[in-house]
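Below is one structure; the comments refer to it alone.
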Protein chains: 2
Amino acid sequence: MSTAGTIYASNRRDELIAAAASCFDRDGFGAASIRNIAAEAGMQTASIYYHFESKDALLLAVHEQGLRHITAATSQAIEGVEPGWDKVLAACTAHLQTLLGGDPIYKAIMRPLPVTLEVRQQIVDMRERYENIFRDLVADLELPDATDRRYLRLMLLGAMNWSFMWFQGGESDIDSLASSIVANLRNSLELGT
Amino acid sequence: MSTAGTIYASNRRDELIAAAASCFDRDGFGAASIRNIAAEAGMQTASIYYHFESKDALLLAVHEQGLRHITAATSQAIEGVEPGWDKVLAACTAHLQTLLGGDPIYKAIMRPLPVTLEVRQQIVDMRERYENIFRDLVADLELPDATDRRYLRLMLLGAMNWSFMWFQGGESDIDSLASSIVANLRNSLELGT
DNA sequence: GTCTATATGCTGATAGAC
DNA sequence: GTCTATCAGCATATAGAC
């Protein structure tokens with residue numbers, strides 16, 4: 001951080017992560033090639049291996065970066081908001097704004113992983129750490145006794161994450177999608193018992 | 001259909017589709033290899049090309065088969081049921097029972113497609129044809145005027161299809177998941193205006 | 001840190017015998 | 001319908017110069 005050399009190195013690493021995210025999104029992890037990733041970052045194939053020891057390590061780095069950013073965005077959005085459905089709405093809006101905002105890294109990480117991937121468990125754990133934000137938000141809701149809070153959380157996350165499969169629109173559409181999803185649940189569940 | 005030879009050929013084709021579905025699910029389309037698919041079906045690599053002209057054609061066949069089966073299952077489940085939330089529940093239960101019932105073909109088709117894939121649009125169209133069942137079911141619901149029926153349908157499908165990412169359980173868990181998803185929506189939206 | 005060059009193996013697909 | 005044999009190309013990764 002204190003020398004030009006270090007900053008340069010760090011930038012190149014981030015450029016590689018961005019290029020990898022773009023390729024993983026477009027082609028899927030298996031079909032994406034180190035060659036294409038390097039080319040997209042303006043590098044030779046072999047140069048990648050100075051920054052990452054393998055293609056798997058690159059996938060892990062893409063997940064770390066994407067999940068770190070969306071965690072920051074969602075955490076910031078709910079800061080200071082009173083627990084309850086409004087806080088859930090704030091989190092969902094931030095979640096969807098980040099996911100659908102245009103950076104391919106989120107499409108690259110919010111999808112099924114090959115079962116043979118060795119780093120799979122690490123990635124699953126990272127995802128769950130992020131989703132704990134929503135577990136806490138749902139825990140704070142007043143809900144009918146019969147409500148399964150785990151299913152409610154997973155339903156919410158599923159409804160949002162699946163939007164990659166069909167969403168095409170702008171920022172205001174994202175907000176109305178978030179509102180719609182939360183409204184469809186809160187009206188009904190807010191009534192108690 | 002009338003000769004033993006024809007039946008045999010048809011069986012082998014179906015075996016290839018099943019093997020391909022298993023490999024596409026496990027490895028992803030890009031990383032799955034024709035060689036592994038052939039091996040899993042007990043064939044040599046080249047023999048696949050008698051039944052399918054390319055790997056893309058195989059992916060298309062996997063989608064045709066999977067979507068034909070789930071369309072049949074869901075259509076049958078809602079047959080004769082009075083329009084309304086009970087009919088939605090019947091459809092969701094059938095949808096989830098089929099998806100999570102253990103056949104890897106559904107995990108292979110309910111996931112993002114590589115954008116470079118040539119048969120992509122055909123697959124997207126096939127998916128949408130199936131999802132029209134849910135469009136019709138939601139159209140028949142009595143809902144508050146402000147409700148966006150398209151978002152409601154996509155929310156429902158997203159909540160269900162994302163369950164691949166976390167679901168581990170048996171048949172009764174699938175039923176309670178379907179009930180939970182539908183119940184979380186129906187109570188509230190049933191009340192009108 | 002990035003390069004050129006290369007090792008080693010796997011890829012989708014084809015040719016042609018049986 | 002399935003086989004053996006093979007083509008041409010691309011994969012991840014490494015070696016070593018600069």
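To find a chain, count down the sequence lines: A is the first, B the second, and so on, and within it residues start at 1.
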- Message: Just the rounded figure in Å: distance from P of C:dA5 to CD of A:Gln44.
- Response: 10 Å
- Whole-Å distance, B:Phe29 CZ to C:dT11 C1', equals 12 Å
- Task: Report yes if at least one side-chain N or O of B:Ser47 is closer than 4.0 Å to OP1 or OP2 of D:dG1; otherwise report no.
- Result: no
- Task: May I have the distance from B:Leu16 (atom CG) to D:dG1 (atom P), rounded to whole angstrom?
- Result: 12 Å
- Using a cut-off of strictly less than 4.0 Å, decide whether B:Ser33 has a side-chain nitrogen or oxygen near OP1 or OP2 of C:dC10. no
- Message: Under 4.0 Å, heavy atoms only, any strand: does B:Ala32 hit a base, just the sugar-phosphate, or nothing?
- Response: sugar-phosphate
- Query: Do B:Ile70 and A:Trp166 share a hydrophobic cluster (ILVMFWY, side-chain heavy atoms under 4.5 Å, transitive)?
  - Reply: yes
I'd like a table of atom pairs between the protein and nucleotides 13-15 of chain D - only N or O on both sides, under 3.5 Å - with the distance next to each one.
from   : atom 1 : to      : atom 2 : distance (Å)
D:dA13 : OP2    : A:Tyr49 : OH     : 3.1
D:dA13 : OP2    : A:Lys55 : N      : 3.0

- Taking the side chain as every heavy atom from C-beta outward, state whether B:Leu67 and B:Arg129 have any pair of such atoms under 4.5 Å apart. no
- Roughly how many Å is it from CG in A:Leu59 to P in D:dT12, rounded to a whole number? 13 Å
- Message: In this structure, how many angstroms lie between the C1' atom of C:dA13 and the CD1 atom of B:Ile48, rounded?
- Response: 11 Å
- Task: State the CD1-CD distance between A:Ile17 and A:Gln65, to the nearest 0.5 angstrom.
- Result: 4.5 Å
- CD1 of B:Ile37 versus P of C:dA13: gap in Å, rounded? 10 Å
- Task: Ignoring backbone atoms, test whether A:Arg13 places a side-chain nitrogen or oxygen under 4.0 Å from the OP1 or OP2 oxygen of C:dG1.
- Result: no
- For B:Phe24, is the NZ or CZ atom of B:Lys107 found under 6.0 angstrom from the centre of its six-membered ring and inside 45 degrees of the ring axis? no
- Note on the structure: Rounded to whole Å, the CG-P distance (B:Asn36 to C:dA13) equals 15 Å
- Any donor-acceptor pair under 3.5 Å from A:Asn132 side chain to A:Arg135 backbone: no
- Message: Tell me the interatomic distance from B:Tyr50, atom OH, to C:dT14, atom C1', rounded to whole angstroms.
- Response: 17 Å
- Message: For the CZ atom of A:Arg150 and the CE atom of A:Met155, what is their distance to the nearest 0.5 Å?
- Response: 14.5 Å
- Message: Looking at every heavy atom in both A:Val182 and A:Cys92, which two are closest together, and how far apart are they?
- Response: CG2-SG, 3.9 Å
